Visitor: 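Got a structure for you, questions after.
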There are 2 protein chains.
Amino acid sequence: MTFIRQPTRAGVRDAAAKIAGVVPPTPLFVSQINSLAVAFKCECLQPMGAFKLRGAWHRLTAIDPEARGKGVVAFSSGNHAQGIAWAAKRLGMPALIVMPADAPESKRAGTLALGAEIVSYDRLSESRESIAAGLAEARGAVLVPSFDDPWVIEGQGSAGIEAAAQMEALGLGPVAQVVVPCGGGGLAAGIALALPEAGIMVVEPEGWDDMRRSLEAGWIEEVGPNPPKTACDALQTLRVSPLTFDVLARRDSRGVAVSEEEIRRAQRWAADKLRLVVEPGGAVALAALLAGKVEATAGTLVLLSGGNVDRVAYGRVLAGEN
Amino acid sequence: MTFIRQPTRAGVRDAAAKIAGVVPPTPLFVSQINSLAVAFKCECLQPMGAFKLRGAWHRLTAIDPEARGKGVVAFSSGNHAQGIAWAAKRLGMPALIVMPADAPESKRAGTLALGAEIVSYDRLSESRESIAAGLAEARGAVLVPSFDDPWVIEGQGSAGIEAAAQMEALGLGPVAQVVVPCGGGGLAAGIALALPEAGIMVVEPEGWDDMRRSLEAGWIEEVGPNPPKTACDALQTLRVSPLTFDVLARRDSRGVAVSEEEIRRAQRWAADKLRLVVEPGGAVALAALLAGKVEATAGTLVLLSGGNVDRVAYGRVLAGEN
């Protein structure tokens, strides 16, 4: 059923133009790390709190208006869910989201508030892909994966087009290096297409660094058995997609992994210096810079990709209590 | 020594033009309260975390370049301190700040990081005004009060000019009602000058609602003896100024007071819905709306005036622990 094509730079540009019609650019702030000006693209300030509405909008607007009535099905721990729900609501499409039972309550509530239905599944024992595929087939709805889809990748890449223009306007361009959180790699691959001259560094939580290992190996490697617990619910992807991997591999992208404590430190830094609420998965790129695992250089762009926190847990992180 | 003149709308426009040359407009976000779209002017996202750089910039740029070498002296619990330090650094002026000994550590650190010197005083037993005046005289420096100054008031008002343009661009204008945190009233008075057609509602913490009482009485009333503890370090002003009071009184502005629990609720709401770190004093206007003490109407603009929190205390508020 999936229309197989490669995501393209032209597609990213098209997505950026479409998205500019529905949401203003997210702010780009500049702050110093090791006395160097670093640019932060604040996707945590999107209306639904993450970059995911970009891919959702580009994908859903590509569906024939007559076919939209049967709706959309997606699987997601929460940010893609809210992105799809946001775009579907705007287009008057029914949306059904398959969500892990342990998704943060705030993401579940946010998805419901945007008018979507939710079906829960158990992250470890059930396959969200097959549940979602079955539901989509039964309804005649379009299944929109969270990253394994050319439109979704192109849509996410629009953040890179916006950020590059903002950095140029501030005299900080061109973008030399992009540091980007990576789950399935949709945002990273989209931005790689958007910024063909920039070095791409993807960042994952320790033990979930399958994209890093895949880029080193030259083929896709999965997350190992019994991966460690991580606060990064948005980055718990067991296997990346050939679509995202191929784009990143062709660009000689590299990856690093950050620890949970490094991620918490980044969340505290973002609250102190930028006054932004950033979720764990949204803070990993910043964490890599603060930990010295990625070196800040002139023209460095960091993606703060989401801000949908479990507020109580987040409060404890800020208070330094865990 | 003080040049006595009234702040004017022309002065606010002049300030807005000057400030546009040094910092981009802060974002204006829209969110629903009781199913009504409310606009939030996010001054917590200023580079130094509060609106105070506006008044500081307008005031310090009004000093003759030859006179700038002797520097500036200010007294402040932290946000005006950082605003003055930010503007002074940019103009190459030495800055000395008289700060209460119990100012939040983050504001103290932020002020030092911007290159200012700090002199501490005891909030209850010493007069910051006379300490600062003595230091300014000894140095031949310019003393810049935090609100009792026409340039400072005009500078703060530039936030209103920006917000009105942003609301018009979003189809949410004209501004019918502005809800604004009030300490000495500099921001509120500046915005009242900026927006001559809007209703002005000032918000203070309970027990510190001297502007509310003053507006009701028709003359300036001080905060009573032994005012209650408040988390709003930025709004602990014992007496407003004729400059700010007169502007607000002439506009039939009204005031409301909010409780500490209502303020904490607003801080949690801002983190959940806007992904913003807002300090207690910066959240009082939002608190008044959420508590139903101010009614949201079409064309409502709310000022989120600062985000310089004591992070540990703030984390506990988000976790719901106090």
Side-chain angles (χ1 to χ4, degrees), chain A residues 23-32 35 37 40 42-50 79 104-107 109-110 113-114 166 169-170 264-265 267-279 282-283 304-322, chain B residues 23-32 35 37 40 42-50 79 104-107 109-110 113-114 166 169-170 264-265 267-279 282-283 304-322:
Chain A
V23 286
T26 51
L28 182 125
F29 294 129
V30 178
S31 195
Q32 306 280 323
S35 307
F40 294 92
C42 300
E43 290 293 294
C44 46
L45 294 176
Q46 286 286 11
M48 43 63 58
N79 282 337
E105 186 45 38
S106 64
K107 293 183 175 176
L114 287 164
Q166 291 169 312
L170 291 170
R264 289 192 288 269
R265 185 181 159 213
Q267 291 184 283
R268 293 183 196 117
W269 191 96
D272 286 342
K273 306 288 185 189
L274 303 173
R275 291 95 192 171
L276 293 179
V277 174
V278 183
E279 64 181 276
L304 298 174
S305 50
N308 290 319
V309 295
D310 171 333
R311 177 164 41 74
V312 173
Y314 174 70
R316 288 185 184 145
V317 167
L318 291 197
E321 287 162 8
N322 63 357
Chain B
V23 286
T26 50
L28 181 124
F29 294 128
V30 179
S31 196
Q32 306 280 322
S35 307
F40 293 92
C42 301
E43 290 293 294
C44 47
L45 294 176
Q46 286 287 12
M48 46 60 60
N79 283 336
E105 185 47 38
S106 64
K107 293 183 176 177
L114 287 164
Q166 291 169 312
L170 291 170
R264 290 191 288 270
R265 187 181 157 212
Q267 290 184 284
R268 293 183 197 117
W269 191 95
D272 286 342
K273 306 287 187 190
L274 302 173
R275 293 96 193 170
L276 293 179
V277 174
V278 183
E279 64 181 278
L304 298 175
S305 52
N308 290 320
V309 295
D310 171 334
R311 177 164 42 74
V312 173
Y314 174 71
R316 288 182 184 148
V317 167
L318 291 197
E321 288 161 10
N322 63 355

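What you see below is based on every heavy atom in this structure, not just the backbone, and it leaves out hydrogens, waters and symmetry mates. Just so it is clear, the model here is predicted, and its values are computed rather than measured. The chains referred to below are lettered A, B, ... by the order of the sequence lines, with proteins before strands, and numbering in each begins at 1.
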Visitor: Is a side-chain N or O of B:Arg268 found less than 3.5 angstrom from the main chain of B:Val317, in a donor-acceptor match?
Guide: yes
Visitor: For the candidates B:Leu170, B:Leu274, B:Leu276, B:Val309, which exhibits the highest count of non-hydrogen atom pairs separated by less than 4.5 Å from chain A?
Guide: B:Leu276
Visitor: Against chain B, work out which of A:Val30, A:Asp310, A:Leu45 has the most heavy-atom pairs shorter than 4.5 Å and name it.
Guide: A:Leu45
Visitor: B:Met48, B:Lys273, B:Glu279: which one forms the most heavy-atom pairs within less than 4.5 Å of chain A?
Guide: B:Met48
Visitor: Counting only heavy atoms closer than 4.5 Å, note whether B:Pro47 contacts chain A via side chain, backbone, both or neither.
Guide: backbone
Visitor: Using the test side chain to side chain contact (heavy atoms under 4.5 Å, CB included), find all partners of A:Gln32 that sit at least two apart in sequence or belong to another chain.
Guide: A:Ala37
Visitor: Taking only residues two or more places apart in sequence or in another chain, which ones pass side chain to side chain contact (heavy atoms under 4.5 Å, CB included) with A:Thr26?
Guide: A:Lys41, A:Glu43, A:Gln46, A:Arg54, A:Glu162
Visitor: With the side chain counted from C-beta on, respond yes when B:Trp269 and B:Ser31 share a heavy-atom pair under 4.5 Å apart, and no when they do not.
Guide: yes
